[in-house]
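Remarks on the structure that follows.
All values derive from a computational prediction rather than experimental measurement. Reminder, nothing fancy here: chain letters follow the sequence lines and each chain counts from 1.
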Amino acid sequence: MTGPRFQHDGARRLFLRQATALAGLGTAAPFALNLSALGSAAAQTATDYKALVCLFLHGGNDSMNMVLPTDAASWAAYTSVRNQLPESIALLSPGTAPVASATAGSPTRLGGVLPIVPINAQGRSFALHPLMGTLQTLFNDEKRLAIVPNAGPLVMPTTKAQYANSLHPKPAHLFSHNDQANMWQSFQPEGATKGWGGLMADLMAAQNGRAVFTSISTSGNAVWLSGDRVRQYQVSSSGAIRMATSGSTNAVYGQLGVGDALRRIVRSTRGSHPLERDLADINNRSIEAEEILRLAMKDASDPLFGTPNTSPDPKMLYDAPLTGGKAINGLAQQLQTVARMIDASGTAGIQAKRQIFFVSLGGFDTHDNQNRAHADLYARLAHALRYFDATLGAMGLRDSVTTFTASDFGRSFTSNGDGTDHGWGAHHFVMGGAVKGGDLYGRFPVLGMRNANSNSFDSSPDQVGNGALIPGTSVEQIGATLARWFGLSDNETSMVFPGLRNFSERSLGFMR
Amino acid sequence: MEDVLTNKAHALRLGCGARVARITVMTMFAAVLAACGGSGGGGGGSAAEPPESSVPSPSPVAPLDPSPAPAPGPTPERNAAARFLTQASFGPDEASIERVQALGYDGWIDEQFAAPASSHVANWDALTAQLRLANASAWAGQDGVFNSFWRTAVTGDDQLRQRVAFALSEIFVISMQDTFVGNEPRAVAHYLDLLAAHSSGRYRDLLEGVAMHPMMGRYLSALGNRKADTRTGRVPDENFAREVMQLFSIGLYKLELDGTQKLADGKPIETYGPADIAGLARVFTGWSWACPVAPTATNSTCFSTGSVSVNGTSRSDADRSTKPMILYPGMHAPEEKRFLGTVVPADTDGATSLRMALDTLAGHPNVAPFISRQLIQRLVTSNPSPAYVGDVARVFNTTGGDLKAVVKALLLHAEARTPTATGGKVREPLLRMTAYYRAFNATSDGGHWRIGNTDDPASRLGQSVLRSASVFNFYRPGYVQPNSAAADAGLVAPELQILHETSAAGYVNYLRSVVFSGVGVVNGTPYNRADVQADYRAELALADKPEQLVDRLDAKLMHGSMPAALKAEIVAAVASVPIQTHSQAAIDLGKKVRVTSAVLLTLASPEFQVQK
């Protein structure tokens with residue numbers, strides 16, 4: 001009989017395993033790695049609470065319609081390139097009044113883009129998508145939203161000339177969805193098993209009472225959450241799901257004997273197949289975690305996160321631009337679940353000091369129908385982020401939680417008639433009370449005019465075929481900046497982000 | 001366009017929307033199953049060598065050694081036949097086990113591919129017709145696709161064809177999570193029929209059928225894709241061109257015949273680059289809806305919307321969602337098209353360009369290992385050896401991509417027929433349920449298998465047919481579960497990608513209800529119960545003999561592979577259920593609790609959930 005492979009909970013045991021694992025590495029392990037990992041596991045007991053939330057925009061977000069340079073040259077290029085038949089995907093200039101009778105989701109219906117005023121505007125002017133009014137406020141007035149322009153996976157800084165050189169190291173499988181989504185999360189293409197969130201969590205998990213609640217997803221399996229030892233725990237928007245029973249006992253079909261047998265059967269395997277052990281392991285984690293969360297997590301309708309006795313909860317409703325009505329925002333529900341988990345982090349059963357979360361919104365692969373798709377997605381994104389900011393404010397935890405966006409890739413500058421194709425660099429948001437908001441961190445790229453006879457952009461040092469952006473900032477620089485805030489030492493940061501050595505700026509400076 | 005549903009719980013319904021007051025059709029499943037046993041095999045016994053496929057073969061690469069001729073061998077013993085059917089069908093039932101024993105594996109495969117194909121469109125239409133008895137504007141909707149899947153998977157006589165079609169639906173992915181595709185469920189049923197029809201044909205024809213189907217056109221936005229406008233800078237949509245290479249034909253890296261990567265200087269070699277995508281994207285311009293008025297070089301009437309104005313009246317082809325896309329010459333790129341070493345000269349017409357492109361893709365040496373390996377993963381094992389992949393890929397090439405021969409080769413291969421310590425795969429949630437329904441001869445009171453959407457991982461299966469999150473399927477063939485026993489053993493585990501703590505609990509809770517009460521829309525009098533019900537009569541007769549009961553479940557659900565320790569657990573649990581004797585109703589309930597407990601515990605066990 002093979003026992004389950006479940007994660008042993010408790011800081012002390014994790015520390016012992018960590019120490020054992022490192023000892024096993026022997027002299028092959030770099031000295032720094034030994035020192036810093038042990039240091040983390042041993043003494044650094046944080047007194048505060050911090051959480052990182054990765055908000056993944058599945059499909060490759062066309063951030064060129066999310067953050068827009070509005071200076072004359074940029075705007076002329078943008079309008080010229082993106083206004084194509086049959087359906088222009090060029091948004092309208094700031095101040096353009098919306099036309100209520102126009103097609104839902106169309107630029108005319110949405111009205112002009114919303115100006116933002118970065119503290120250091122790099123000599124240009126900028127705006128957000130017309131449905132991001134809440135984020136405009138967060139950026140301009142409340143200064144809890146920062147923008148990292150033109151970021152993406154990079155092996156090392158890459159110029160346009162270097163991009164054209166096949167010998168210059170570049171990430172594998174640029175422009176491929178699954179590979180770049182993995183690359184963003186783990187610096188490896190599909191098949192990766194360790195992400196940078198999980199590797200950070202490895203170093204911090206010893207500060208948590210129960211390792212299982214270190215790395216948490218509300219939207220399925222994500223490699224970003226997995227480390228050498230830390231594994232993700234999945235929790236649904238309905239909270240943790242209790243297996244097999246719902247009453248005061250574990251009885252199934254009214255029979256305790258059956259319920260007890262079920263709990264034994266699902267949590268271990270009598271065979272030896274590795275896949276059986278993995279399934280048993282998942283079942284075991286499911287049952288153990290639910291028993292704790294059942295007591296620790298407040299209801300979604302608690303006034304801290306929701307609205308008592310009201311269904312659907314008005315806090316979860318966004319203004320759906322395509323229908324003109326209200327609709328339930330699944331992303332807000334995921335963030336509500338995160339807020340509930342954060343609220344429960346201090347309870348006796350959990351005792352977490354450092355947590356990482358993964359939430360996601362899908363539908364960004366806008367090869368066609370981009371206007372309508374984007375309008376709805378951005379309305380949800382803006383509503384959900386505002387909800388989360390407000391909820392954390394009510395919880396008094398704004399300074400303790402930092403949320404950042406990620407996506408497969410940015411998209412082409414060119415239009416294929418009503419949509420865009422796969423690209424590389426993209427603009428991203430970082431939100432939180434510890435964020436130095438209201439500014440851009442990294443040079444905003446040049447958006448140029450297309451060549452007269454090709455889909456190249458000789459007018460821009462940042463754009464390649466179809467106007468896709470070569471990132472100016474590496475994902476590893478974003479990660480490292482967050483890691484230092486999260487509490488990793490400089491050495492530890494270097495371990496998690498080995499590519500950082502190829503970049504001169506180790507911190508982008510967007511965290512306080 | 002992909003559309004990942006982020007909040008599945010709220011997109012769910014318990015079953016279909018409308019209720020049906022009276023049942024007009026009852027399918028006699030028992031009769032169907034009996035007829036299955038009676039159809040002619042035509043081979044004269046299991047040892048007979050079947051006629052080879054007569055598919056023309058376009059001078060394939062000559063094999064170095066002959067593809068391993070699988071020995072037909074003696075009549076499979078019962079558990080071996082059941083294990084085979086776990087791979088080759090939606091699960092063994094008594095009739096299919098007997099049929100495999102009668103014909104042998106080889107003969108059974110031939111008979112299966114010769115059997116008439118079920119029709120998902122017909123099932124969808126039948127449900128719509130029934131719903132319209134009560135409501136003239138009702139339609140089967142997406143539920144009609146799910147229900148037809150269950151109906152066909154559980155009761156269809158063309159098990160192997162449908163099982164392969166399901167596998168193909170996880171390679172050549174379209175998804176009703178996409179708004180456009182989701183609004184055309186009948187056409188999605190048609191797409192599944194197309195996959196089933198091509199599952200016994202040539203890969204090249206399958207690829208063309210997929211590429212031209214308007215639902216694929218909608219899903220990957222090739223439908224309505226326009227040629228470049230060099231004056232304004234509009235470019236063709238690259239979506240289909242990219243994914244047809246990455247996912248449907250050749251993959252990212254150059255492969256050896258055995259599926260391992262070719263290396264140059266120790267590094268894998270990419271099969272294509274951005275220029276190939278841009279070149280191929282030009283081929284997939286100018287294709288759109290079938291139209292009542294034939295398009296010309298200057299008239300592209302139906303191109304955008306599928307409609308044309310005739311004498312002031314808007315007209316469209318009523319079957320445009322199921323007819324192959326047609327070419328609109330005025331919208332097709334006239335420029336030279338270069339990809340994968342092929343050059344289509346400037347001003348080549350669209351049909352010729354398409355033929356050259358599909359020939360290039362289908363003729364690429366990667367196709368055989370790339371597709372063979374994935375079919376093995378879908379039917380048999382997540383981690384086939386290179387030798388196994390190579391043997392099947394060789395058959396792929398020598399038969400000119402005859403999928404019937406490929407499927408036969410992968411099922412008859414020694415590595416499929418002999419269990420190994422780490423072989424096999426996690427049963428994906430849909431296949432766990434089909435195995436259960438078939439093992440217990442489940443029937444649908446209303447005949448339409450109205451189980452509905454099973455997306456929600458928290459309360460259902462976390463999976464509905466043709467509703468994956470993206471074109472990358474529910475899970476990836478190369479998925480490795482982090483920090484897992486499988487990863488430690490160097491194994492990929494694709495199906496684990498959609499399993500987690502929520503889905504684990506949701507699955508058991510769903511089972512608890514389905515196994516005891518049945519599942520689906522509640523039909524009215526005389527049924528007054530959930531539409532789909534298992535038949536436990538034989539098991540109820542064993543309710544007071546727990547060992548025999550569990551042995552029977554072992555044979556039906558796990559082809560005799562249940563470990564003794566698991567049997568002992570279940571036997572003890574069954575024996576712990578008292579059978580009160582104060583009334584017949586109490587006796588019946590006690591027996592039912594015993595049987596359903598035994599079934600639930602078996603289906604919930606990790607041992608059942610891994611197909612070995």
Side chain to side chain contact (heavy atoms under 4.5 Å, CB included) between A/Asn178 and B/Arg476, intermediate numbers included
CA-CA 9 Å; A/Asn178 55 331; B/Arg476 301 292 306 136; 3.4 Å; yes
Steps toward ring-ring contact (aromatic ring centres under 6.0 Å, His included) verdict (A/His173, B/Tyr253)
CA-CA 10 Å; A/His173 308 311; B/Tyr253 294 114; 4.7 Å; yes
Checking side chain to side chain contact (heavy atoms under 4.5 Å, CB included) for the pair A/Phe175/B/Ile277: CA distance, chi angles, key distance, verdict?
CA-CA 11 Å; A/Phe175 312 106; B/Ile277 293 169; 5.9 Å; no
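Residue A/Ile265 holds its CD1 atom at 4.5 Å from CG of B/Leu601, rounded to the nearest 0.5 Å. Rounding to the nearest 0.5 Å gives a distance of 10.0 Å between OH of B/Tyr507 and CG of A/Asn283. Remark: A/His273 NE2 to B/Ser561 OG distance equals 11.0 Å, nearest 0.5 Å. Within the model, atoms OG of A/Ser176 and CE of B/Met245 stand 11.5 Å from one another, a figure rounded to the nearest 0.5 Å. The CZ atom of A/Arg231 sits 7.0 Å away from the OG atom of B/Ser484 when rounded to the nearest 0.5 Å. Rounded to the nearest 0.5 angstrom, B/Asp237 CG and A/Thr420 OG1 are separated by 9.0 Å.
The most heavy-atom pairs under 4.5 Å with chain A, out of B/Ala421, B/Pro236, B/Ser605, B/Gly478, come from B/Ala421. Among A/Ile287, A/Asp260, A/Asp228, the residue with the largest count of heavy-atom pairs under 4.5 Å with chain B is A/Asp228. Comparing B/Gly233, B/Ala504, B/Ala573 by how many heavy-atom pairs each has under 4.5 Å with chain A, the most go to B/Gly233. Heavy-atom pairs under 4.5 Å with chain B peak, among A/Val235, A/Asn453, A/Leu85, at A/Leu85. Among B/Ala275, B/Gly423, B/Pro477, the residue with the largest count of heavy-atom pairs under 4.5 Å with chain A is B/Gly423. If you tally non-hydrogen atom pairs under 4.5 Å between each of A/Gln234, A/Gln255, A/Met243 and chain B, the highest count goes to A/Gln234. Contact tally against chain A (heavy-atom pairs below 4.5 Å) for B/Leu511, B/Val480, B/Thr232, B/Ile498: the top residue is B/Thr232.
In this structure a side-chain-to-backbone donor-acceptor pair under 3.5 Å is missing from A/Thr193 to B/Pro482. A/Asn221 places a side-chain N or O within donor-acceptor distance of the main-chain N or O of B/Leu499, the cut-off being under 3.5 Å.
Shown are A/Asp368, A/Asn416, A/Asp365, A/Thr366; of these, the side-chain contact (heavy atoms from CB on, under 4.5 Å) with B/Asn239 is made only by A/Asp365.
Minimum heavy-atom separation, B/Ser597 to A/Val258: OG-CG2, 3.5 Å. Smallest separation of non-hydrogen atoms from A/Gly257 and B/Ser576: CA-OG, 3.8 Å. Nearest heavy-atom pair across B/His500 and A/Gly220 is CD2-CA, 4.1 Å. Across A/Leu275 and B/Gly424, no two heavy atoms sit closer than the pair CD1-O, 4.3 Å. Closest heavy-atom contact between A/Gly271 and B/Pro563: N-CG, 4.4 Å. Of all the heavy atoms in A/Pro274 and B/Ala485, the pair that sits closest is O-CB, 3.7 Å.
Looking at B/Arg234, the atoms closer than 4.5 Å to chain A (heavy atoms on both sides) sit in the backbone and in the side chain alike. Proximity to chain A (any heavy atom under 4.5 Å) is shown, for B/Glu238, by both the backbone and the side chain. For B/Ala604, the parts lying near chain A are the backbone and the side chain together; criterion is any non-hydrogen pair under 4.5 Å. With a 4.5 Å cut-off on non-hydrogen atoms, A/Asp179 touches chain B through its side chain but not through its backbone. Both the backbone and the side chain of B/Arg512 have a heavy atom closer than 4.5 Å to some heavy atom of chain A. The contact between B/Pro606 and chain A is made by backbone and side chain atoms together, counting heavy-atom distances below 4.5 Å. In this structure, no portion of A/Ala289 lies under 4.5 Å from any heavy atom of chain B. The contact between A/Asp421 and chain B is made entirely by side chain atoms (from C-beta outward), counting heavy-atom distances below 4.5 Å. For B/Thr596, the parts lying under 4.5 angstrom from a heavy atom of chain A are both the backbone and the side chain. Contact annotation for B/Gln246: only side-chain heavy atoms (C-beta onward) come within less than 4.5 Å of a heavy atom of chain A. Only the side chain of B/Leu491 comes within less than 4.5 Å of a heavy atom in chain A; its backbone stays farther off. There is no contact between A/Arg82 and chain B, counting heavy-atom distances below 4.5 Å. Residue B/Lys592 does not touch chain A at all, counting heavy-atom pairs closer than 4.5 Å.
Side-chain contact between B/Leu496 and A/Asp278 is present, with at least one heavy-atom pair separated by less than 4.5 Å. With a 4.5 Å cut-off on side-chain heavy atoms, A/Gln84 and B/Arg226 do not count as touching. A/Thr269 has its side chain out of reach of B/Leu566: every pair of non-hydrogen atoms, C-beta onward, lies at least 4.5 Å apart. Proximity of A/Ser412 to B/Val235: side-chain heavy atoms (C-beta onward) are nowhere separated by under 4.5 Å. Looking at heavy atoms from C-beta onward, A/Tyr253 lies out of side-chain contact with B/Val577 at the 4.5 angstrom threshold. The closest side-chain heavy-atom distance from B/Gln481 to A/Ile282 is below 4.5 Å.
Other residues, nucleotides and ligands place no more than 12 heavy atoms under 6.0 Å from the NZ atom of A/Lys194.
Under the 4.0 Å criterion applied to side-chain N and carboxylate O atoms, B/Glu569 and A/Arg270 are not assigned as salt-bridge partners.
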